[in-house]
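For the numbers below, each heavy atom of this structure counts, side chains included, while hydrogens, waters and symmetry mates do not.
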Amino acid sequence: QVQLVESGGGLVQPGGSLRLSCAASGIIFRMYAMGWYRQAPGKQRELVADISSGRSTNYADSVKGRFTISRDNAKNTVYLQMNSLKPEDTAVYYCKAGRSLSDDYWGQGTQVTVSS
């Protein structure tokens, strides 16, 4: 019954922006840390950003200063604002919900392609 549904991916030119959304259901959203991960072809899945239930944030060095993670507990939604996009940001982006001593939940992913 737990569902994480990503949206907002697409094709964008270098230097452009996208905002990804992840809508969660079936969990007590405010109790969960949320994260965005990405996986490019031939590479391992990597953490992009995460946000705790207390709204503390953490970013990969490669996106620091360009991406912003936020959450709206009233909407059960976590966002990833992506600015100054680079071709190396091209990947499938996945949403994750996690909690200590509890299962992790993953969305199906949304494709982000940065190309001219």
Taken to the nearest 0.5 Å, the spacing of L20 CG from F67 CZ works out to 8.0 Å

Q: Go through the steps for M82 and R66 under the test side chain to side chain contact (heavy atoms under 4.5 Å, CB included), then give the verdict.
A: CA-CA 6 Å; M82 304 186 294; R66 300 188 296 122; over 6 Å; no

Sequence neighbours excluded and cut-off under 3.5 Å, please list the side-chain donor-acceptor pairs for residues 3-17, or say none.
unit_1: E6; atom_1: OE1; unit_2: Q108; atom_2: N; d: 3.1
unit_1: E6; atom_1: OE1; unit_2: G109; atom_2: N; d: 3.0
unit_1: E6; atom_1: OE2; unit_2: C95; atom_2: N; d: 2.8
unit_1: E6; atom_1: OE2; unit_2: G109; atom_2: N; d: 3.2
unit_1: S17; atom_1: OG; unit_2: N83; atom_2: OD1; d: 2.9

**Prompt:** side chain to side chain contact (heavy atoms under 4.5 Å, CB included) between Y79 and I69: does it pass, once the steps are laid out?
**Reply:** CA-CA 6 Å; Y79 304 95; I69 189 170; over 6 Å; no

| Honestly curious: do V63 and L47 fall in one hydrophobic cluster under the side-chain, below-4.5 Å linking rule? | no

Here the salt bridge (charged side-chain N to carboxylate O under 4.0 Å, His left out) pairs for residues 43-58, sequence neighbours left out, are R38-E46

Taking the side chain from T77 and the backbone from K75, do they hold a donor-acceptor pair closer than 3.5 Å? yes

Heavy atoms of A24 and I27 approach each other most closely as CB-CD1, 4.2 Å

For this session: Indicate whether any N or O donor in one side chain lies under 3.5 Å from an N or O acceptor in the other, for Y105 and K96.
Result: no

CG (N58) and OG (S52) are apart, to the nearest 0.5 Å, by 10.0 Å

All heavy atoms of A91 vs all of Q111, minimum pair found to be O-NE2, 3.5 Å

Considering only heavy atoms from C-beta outward, does the side chain of R71 approach that of F29 to under 4.5 Å? yes

In this structure, CG of L85 is separated from OG of S115 (nearest 0.5 Å) by 12.0 Å

TODO: List the steps and the verdict of side chain to side chain contact (heavy atoms under 4.5 Å, CB included) for W36 and V78.
DONE: CA-CA 9 Å; W36 287 98; V78 63; 4.0 Å; yes

query = Is there a donor-acceptor contact under 3.5 Å from the side chain of T90 to the main chain of P87?
reply = yes

Answer yes or no: does atom CD1 of I28 have more than 12 heavy-atom neighbours from other residues, nucleotides or ligands under 6.0 Å?
no

**Over 12 foreign heavy atoms within 6.0 Å of CD, Q44** = no

Kindly indicate, with the supporting measurements, whether the criterion side chain to side chain contact (heavy atoms under 4.5 Å, CB included) is fulfilled by V112 and L18. CA-CA 9 Å; V112 171; L18 285 173; 3.9 Å; yes

| request: Indicate yes or no: at least one non-hydrogen side-chain atom of L80 is less than 4.5 angstrom from one of V48. | output: yes

Residues pairing under salt bridge (charged side-chain N to carboxylate O under 4.0 Å, His left out) where one sits in residues 16-28, two or more places apart or in two chains, turn out to be none

Taking every heavy atom of Y32 against every heavy atom of S102, the minimum-distance pair comes out as OH-OG, 3.5 Å

dist Q39:CD -> Y94:OH (nearest 0.5 Å) comes out at 5.5 Å

(request) Give the intermediate values and the outcome of salt bridge (Lys or Arg N to Asp or Glu O under 4.0 Å) for residues K64 and D61. (result) CA-CA 5 Å; K64 201 168 297 181; D61 287 343; 3.1 Å; yes

